[in-house]
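Some notes on the structure that comes next.
Nothing here was measured: the structure is a model prediction, and the numbers come from that model.
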Amino acid sequence: MLNICGCLVHTMPEMTESVIEAINATEGGEVHAHEDGRIVVTVEDTPSQRASDQIMEMHQIPGVLTITLTYHHFEELDESAEALDQPLH
């Protein structure tokens, strides 16, 4: 299953850099752009956590004021695509 969410994160402007670092340090989270306390983020499901749970956890990052879900895409992957995501032994 592919599950990806796009979010706009509003922060206290003086804490934007530390919020960016915290988001980039999470598996499944990625910062794409930021300006004036606003951060564009994508969040994907990981093997251990859903994107929705990751978004809820981002609310707890010091300096985060709000998070708005702006995009959501999910689809079933065929077996061959899922096999590509599995580690090789």
- Query: Is there a side chain to side chain contact (heavy atoms under 4.5 Å, CB included) between T68 and C7 once you walk through the steps?
  - Reply: CA-CA 5 Å; T68 305; C7 300; over 6 Å; no

- Check step by step if side-chain hydrogen bond (donor to acceptor under 3.5 Å, both in side chains) holds for H59 and E57. CA-CA 5 Å; H59 282 279; E57 287 183 3; over 6 Å; no

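V40 and M58 fall into different hydrophobic clusters, where Ile, Leu, Val, Met, Phe, Trp and Tyr are joined by side-chain heavy atoms under 4.5 Å apart, directly or via other members. Cluster membership check: V64 shares its hydrophobic cluster with V31, using side-chain heavy-atom separations under 4.5 Å among Ile, Leu, Val, Met, Phe, Trp and Tyr. Residues V43 and I61 share a hydrophobic cluster, clusters being chains of Ile/Leu/Val/Met/Phe/Trp/Tyr side chains in contact below 4.5 Å.
Pairs passing the side chain to side chain donor-acceptor pair (under 3.5 Å) check and including a residue from residues 26-45, sequence neighbours excluded, read N3-D45, H32-T42.
In this structure, Y71 shares a hydrophobic cluster with I4, the cluster being traced through Ile, Leu, Val, Met, Phe, Trp and Tyr side chains under 4.5 angstrom apart.
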Please list every donor-acceptor pair under 3.5 Å in which a side-chain atom of residues 8-18 meets a protein atom from a residue at least two apart or in another chain.
residue: H10; atom: ND1; partner: T66; partner atom: OG1; Å: 3.3
residue: T11; atom: OG1; partner: T16; partner atom: OG1; Å: 2.7
residue: T11; atom: OG1; partner: G37; partner atom: O; Å: 3.2
residue: T16; atom: OG1; partner: P13; partner atom: O; Å: 3.1
residue: S18; atom: OG; partner: M15; partner atom: O; Å: 2.9

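With rounding to the nearest 0.5 angstrom, the CD1 atom of I23 is 6.5 Å from the CD1 atom of I67. Rounding to the nearest 0.5 Å places CG of D53 at 8.5 Å from CE of M56.
Across I55 and C5, no two heavy atoms sit closer than the pair CD1-CB, 3.9 Å.
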